[in-house]
Structure formats: structure tokens, C-alpha cells
Amino acid sequence: MTISADHASLGATGQGRPTLEVAEDARLPGPAAEAVRKFGITTEDYMLPARHQIQMVDQDGNLKHHSEQGAEPGHEYPLPGNDELLAAYEQLVVGRRVNDQNSALVRQGRMAVYPSSHGQEACQVAAALCLADGDWMFPTYRDAVAVMARGVDPIEAMTIFRGDWHGGYDPLKHKVGIQCTPLTTQLLHAVGVAHAAKLRGEDTVVLAMCGDGATSEGDFHEALNFAAVFHLPVIFFVQNNQYAISVPLAHQSVAPSLAHKAVGYGMAGERVDGNDAVALLAVLDRAVKLAREGSGPLLVEAHTYRMQAHTNADDATRYRQDSEVAQWVARDPLTRMKRYLTDKGLLDDGSDARIAEKAETVAAQLRTGLGEDVSVDPQDLFKYVFATRTLQLDQQSALLADELARDAAGAFSEEEAYK
Amino acid sequence: MSPTVTTSAEADGNVSLATARAAASAAASAEEAGPQPVTMAKALNTAMADAMHADDSVLVFGEDVGMLGGVFRITDGLMKTFGEQRCFDTPLAESGIVGMAVGMAINGMRPVIEMQFDAFAYPAFEQIVSHVAKMHNRTKGRVKLPMVIRVPYAGGIGGVEHHCDSSESYYAHTAGLKVYTPATVADAYHMLREAIDSDDPVMFMEPKKLYWSKDLVDLDALREEYERKADGREVTEGRAAIARSGTDATLIAYGPSVPTALAAAAAAAEEGRSLEVIDIRTIVPFDDATVAASVRKTGRAVVVAEAHGFASVSSEIVARIQERCFHHLAAPIRRVTGFDVPYPAPKLEHFYLPGVDRILDAVDDLQWED
């Protein structure tokens, strides 16, 4: 039974209720209704993900035949343009370099922690490239590469991990939410940003990111439901990298896929190969287009893999086998994209070298920027608690200033004390 | 606007549109001109309506706040007046309400949201503590969250469990939140308007047992006064009120406990003891100066609060007085608070709630003989 038929039957069977004269697809957002009409499929066929994940380029870099890409009526994805593919490849190379450079900086003690997205760069890049300038993104702590791909300065993007402040960039300037640590709480902020924009008649699309483990959180449910009920242009982008720190997906959910959760909220979901940048761009580009046209929210699940440990403080050998990791090496998003673009004649050794050079420039920028000793201002502790500061904080600020002044005057020398 | 004006304008036979409108409005409200008995509920409702008139970015949403006007009717008529875009019902999910409000505040709105009851706000605790309170700080002041979270709180209404919690201490303990709680009808109006105009997030704790208490106030005059004060930033934030002047001891209370403290002061006066009553009004920021000045003057203090005493706002107040007034104290500071038990069932709540007798007993204990 389809949702629309079920809804219509309420009127027929409801005890003592007035009969509802509901057209078959009255509850469906425009694009869904159109797909249902156009392809003769049911609402569920439209909202449920295609039977197979969308994959356009196989792990050896070959473009798959259209009939094998996972496409179905209502789930058709045109190949992205060459410029977008090249831009994505460049960001992939930069992203990989950034991930590996940062992991090295953590080992050198230059960063407090870095949750690497090594292996997930295709998701990172596609999430940023699918959006227009006026759109918003709400990333997690593992999405620094996506944040940079949206144009945030690399050093500002890494401030949170360097440890001199919780956030380094201006969310309003870049339309990128502060990288969020409490899982899925930022999905609701994405919903609010989209809601405010909609009330003002703006066509802003918001992309909200989370991982597979995060889909167990209550705010995941609340965010998807709010976005659906208020019919907001939010794309929920789940990077299913198979593990929530040590806990595998099987312990989070026994749903057929995470994308299947969409139908329960009355939105469309799709699964895509998260290591295939081409498929990711195709699926996310279409999701952005649909959302902007008024489809309401969409859920996209990308199958990928966290190649490294959760952070430098984690030991992944305690919960997964090397053989499993090895399988995913073969599915690497960079090598696949490089082969595909080379075969397509879009990339040669010269252009690849130029891209590698750009990545080296960013890596050097990170080494320099994160290698510098940062001076912190202790008075910053009090400056940003409130827009209008309280008298109590004035007093505490004065207390600390006085303490530091006495230290400077020699009453207490850290150097002496710990000599 | 008095009816006399209407008459004279009509007699002139030269009525401008504005005059006509004013006259019509005066005629309609002729009976209500000047101070009238007004409930706190009406004052809060008027404050939201006035704020929504003054600023298009003010939005009101929550559970049952639209068509129904809220379970306490505090948002009555707002959806009708301002439309479903500006006052609307949400799905039943408190974290969702607060989290969506955060996003709206990031994107230029001033959400005023309702948590239906104190204990129903707990699902939103993570959003409040981890985001509402910290966003300004984490972004080095680049993102402000001008939002108000209205919480009907505390007991005394015979409510069943989970409907009567005094949850203010959780919020007051969280750096980055301002916590207001009015005790009078006029303050309810002023403080809610101030909370909505504030660029900081405000937990607006509404003593639900005072919703239907009435004071003689003139809402039009309050509106004019607020709008005049707002220009000069003459504010109630961080300013306690001296609810009753006295000389022998100071009772310090907030929200639902203020009327109880005033009743105790009235009873004490009959016994020849002059008690000063301080209404804290904004728990955060706290007005140390007014409290300390009063206690230094009287030398004795009793803090009255409905919440459990242990690790609470009342403990904080005692600590602050002790730090500032130690040498002026003639007796240890006493507290009259709720017991450290879960809020009791309706037939037991009168044993739990601080009452006049318990306050007077505490006052009697302030070592008067020494």
C-alpha cells in the first residue's frame, strides 16, 4: 500500500470523521509527485533508495555502463561536467595531502588531535562542490577537508585542533557552521538556517553532515522530521564509514540501509558509493537541485571507509582486521578518479603535477601556520561569553589580569618554579 | 487616552485619520484606561505581541503555542495576529525546537520558544548547554544567538510529576546563559521584552503559579515606558528590586518565592519586625551590589527558594553574601528551600514548599538575643 493510498483511506475508514477528499498525491512535494506521475512508480519507489547503491566509476577507474550504475526510474543521475570533475580531483588531491600532513603534525605535537578523513575525501569534496555560494554547510569534526573546500583558510579550519580556540573561522562569512563535536546536534541548526531562509523567501540550500554512528542519536530523528514537516531544503549527508570509533554499523542499525530511514520521514533517500567522486557529485548535485526547486529535504548515504583510526588517540587494530582495511585500499577514491580522468583525456602527467604542487603549497602553509608558536590572550577567556558582559566576568577578568601582572613583576615565575 | 479627547475631537468636526484611529481605540478601551488588574499571563502575552510588532525577525514557536495559544495560553492570539509564519506549532520534540531556534538565530531571526513545562525541557538540555550557551564563545563572538527559551517552572499548582520542577539552577550553572525570572506583572512585561531584545540567549523562567496573579498595571504605559527605556539602555538585567523596605533582616527571593517572602514580611511586621525583601529578578547576571547593600544594612539574611537547597541558586546566594558581608553579619545566613527530594505529589506539595511559617521560623533563628 502506498503512502498516498493509505492517507486517502483514512477518510474512508475513519470512524465519525469527515471524509477527506485527498487527491492521490496531494501530500507529496512537487518533484516527488512529478516523478511518480512521470515514471509510473509508487511514492515508496521514489522515496526508498534504488536497490543498489549508485556507482558510476568502478574501483579500477572505468566508467560503468548506464544500466549497471544502479539507476532506476526516478533515480537517474546525469554524469557531471568535465570542469566539475577536474575541480573535484584537485580538491581530492589537496584533501588527501591535508589529511596526511595533519596526521604528521599531530605526531610532532603541533596539533592536539586530528580526526582524519583519509579515505573519505570524495565525500568531503563532493559535499562542498555541490553547493552554491549562498548555500550553507554544517560539518562535523571529521569534515575539515570539506570546510576547506568551501573556501575556509586552512589554518582557520585547523584552529579547533591546534588548541588555541574552539573555532577559527567566521561561520557567517563562509556559511559554514562551526565544526560540531556533539553528534547530530548541528543537523538541527541546519534545519533552523534553512527555515529562516525559507521564511524570508530565499532559495538557500543547506547541507548537513553526519556519520553512521550519529544516525542512532535522537537529534538525527528530530532534525529529519522537522525538515520534512516544515518542508525545508536540507540535504542530510551521511558518511557511512562503517565505524563509530570502534563500534561497527551492525551495532548501530539493522535497517536495510541508512538511506532507507528517509521514507519514514516522508523524504527521498539514496545510497551512493562514497569513494566514487563522480557518483557522489551526480547524486548530490541532483539533490541540491531538487531541494532548491522545492522538493523538501533529502537523505544521501555514502558508503565509504575510515582508513585510519578515529583519532591519533585510538588504536584501530583492537577492533578491525588489516585484511578488511586492505579491501578498501583497492577502492581508494583518488586513484580511481585519477585513472578515470586520465583515460578520459582530462588529466595528464603535467596537469597532475601542477595539482600536486598546489597540494604541496597548502601542506607547507599548514606546516608553517601550525608550526608557529601561537600566543594566546588570557583575556579572551572573558570576552566572548556574552554579547553584553556581566559584572561578575569583569571582576574575574580583573582578578586574572592582576594575577598575571604580579607574575610578570616577579612575584611568581613559572620558569623559576619548575626549573 | 481618555474618552474626553474623543468627545472634543468629534466636536471640532475636523478629525484626522490618526486622531480618528486613536479615538476609536480609546473608545473601545475606555473602560480599561489607566491601571487595571492584569495577570502575569496577559503581560507576557502582550510583551511578545509588542516585540513581534516592533521587529519582524521575532518568531514564536513550540508545542501547542499556535491554534491553542499554549497550554497556559501565554501565546494566545499570536498566530491569529501574526500568521502561521511567525507563530507556529512544531513537532513534539524539545531538542528539535531549541536546535532549530539556534539555526534560526544564526540566520538572522530572534526566536522566542516555549518549553511546555520545566521538566519537559530536559530533552533539550544538550542543545542548551552545548550550543545555546557556547556558540558565541566558540565562534569568538562572530555568531550571536539572540533567542529566548521560555520555561514555565516551579510548583504550587497541584501538578502531577514532571510538571513542577525548579530547574533554574541547571541553567544558572551553565556559563553563557542569562537567566531571568519575573515575580511581578510589570516585571514580566519589561523583562520578557528585554530578553527578546537581548543579543544573548536568555532562559526565561516563568513562575507558573503566578501566571494568574494580578497586579494593577497599565499595559499601554508599560509599553511606552519600555520603549523609552530601551533607547537609553536603562535595563532590569542585573538589577534586583527592593520589593519591600525593612531594617531588621533581609529576605532574598526570586520568581515564585517573592510573594511568599512578602507575605512573611507582612506577618513579621505585625510582630514588630521589619524585614526587607529583595526580588533578584535576573539570577544571571546577579546583582551583588543590591543584595550586599541590604544585608550590610540589616546584618541578617534569609534566602528563600522553592528549588532543592543542595548545590542550588540559593547556595550560591549565601556564598556570595558571606564573601561580601561577613563582618556585617549578626547571625549565620539561613536558607528556606525545598527539601532535597523529587518534587512531591499534589497532596504532599504543601509540606515541601517554603511557606510563611517556615520563613518566620528561620527569621526567629537569626540570633536576636546576642
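Protein chains get the first letters and strands the later ones, always in sequence-line order, with residue 1 at the start of each.
- For A/His195 and B/Phe61, the ring centers sit 6.0 Å or farther from each other.
- Between A/Leu199 and B/Met104, the closest side-chain pair of non-hydrogen atoms falls below 4.5 Å.
- The residue among B/His131, B/Lys140, B/Glu237, B/Met109 with the most heavy atom pairs within less than 4.5 Å of chain A is B/Lys140.
- Here B/Gly103 is the residue among B/Ala133, B/Gly103, B/Pro111, B/Gly141 with the most heavy-atom pairs under 4.5 Å with chain A.
- With a 4.5 angstrom heavy-atom cutoff, A/Ala190 does not touch chain B via any of its atoms.
- Only the side chain of B/Ser130 comes within less than 4.5 Å of a heavy atom of chain A; its backbone N, CA, C and O stay farther away.
- Annotation: residues 157-167 of chain A contacts chain B through A/Trp165, A/His166, A/Gly167 [non-hydrogen atoms, separation under 4.5 Å].
- For B/His136, the parts lying under 4.5 angstrom from a heavy atom of chain A are both the backbone and the side chain.
- Contact annotation for residues 174-186 of chain A against chain B (heavy-atom separation below 4.5 Å, listed by residue number): A/Ile178, A/Gln179, A/Cys180, A/Pro182, A/Thr185.
- Of the residues considered (B/Ala175, B/Pro201, B/Gly176, B/Gly108), B/Gly176 shows the highest number of contacts with chain A, using heavy-atom pairs under 4.5 Å.
- In terms of heavy-atom pairs under 4.5 Å with chain B, the best-connected choice from A/Asp380, A/Val193, A/Thr390 is A/Val193.
- Ranked by heavy-atom pairs shorter than 4.5 Å toward chain A, the options B/Leu145, B/Val284, B/Leu177 are led by B/Leu177.
- Side-chain contact between B/Val102 and A/Leu188 is absent, with no heavy-atom pair separated by less than 4.5 Å.
- Residue contact with chain B, scored on non-hydrogen atoms closer than 4.5 Å, involves the backbone of A/Tyr169 exclusively.
- For A/Gln392 (side chain) and B/Pro285 (main-chain N/O), no donor-acceptor pair under 3.5 Å exists by modelled atom type.
- Side-chain atoms of B/Thr90 and A/Phe230, non-hydrogen and from C-beta on, do get closer than 4.5 Å to each other.
- For residues 84-97 of chain B, the salt bridge (charged side-chain N to carboxylate O under 4.0 Å, His left out) pairs, not counting sequence neighbours, are B/Asp56-B/Arg86.
- Interface residue A/Val385: backbone and side-chain heavy atoms are both found under 4.5 Å from chain B.
- Contact annotation for B/Gln127: only side-chain heavy atoms (C-beta onward) come within less than 4.5 Å of a heavy atom of chain A.
- Within the 4.5 Å cutoff, the side chain of B/Ile97 has heavy atoms near those of the A/Phe226 side chain.
- Under the 4.5 Å side-chain criterion, counting only non-hydrogen atoms from C-beta, B/Arg142 is not in contact with A/Lys173.
- Screening B/Thr139, B/Asn107, B/Val143 for a side chain to side chain contact (heavy atoms under 4.5 Å, CB included) involving A/Leu172 leaves a single residue, B/Val143.
- Residue contact with chain A, scored on non-hydrogen atoms closer than 4.5 Å, involves the backbone and the side chain of B/Ala93 alike.
- Per-residue counts of heavy-atom pairs under 4.5 Å with chain A were compared for B/Lys144, B/Lys178, B/Met135; the largest is that of B/Lys178.
- Both the backbone and the side chain of B/Phe286 come within contact range of chain A, judged by heavy atoms closer than 4.5 Å.
- Annotation: maximal heavy-atom pairing with chain A below 4.5 Å, among B/Asp199, B/Ile106, B/Leu59, occurs at B/Ile106.
- In this structure, the side chain of A/Asp219 does not engage the main chain of B/Ser95 through any donor-acceptor pair within 3.5 Å.
- The ring-ring contact (aromatic ring centres under 6.0 Å, His included) check on B/His162 picks up nothing, with sequence neighbours excluded.
- Few gaps surround CG on A/Asp377; more than 12 heavy atoms of other groups in view lie less than 6.0 Å from it.
- The local environment of NE2 in B/His173 is sparse, with at most 12 non-hydrogen atoms from other residues, nucleotides or ligands closer than 6.0 Å.
- Heavy-atom distances place the backbone of A/Leu381, and not its side chain, under 4.5 Å from chain B.
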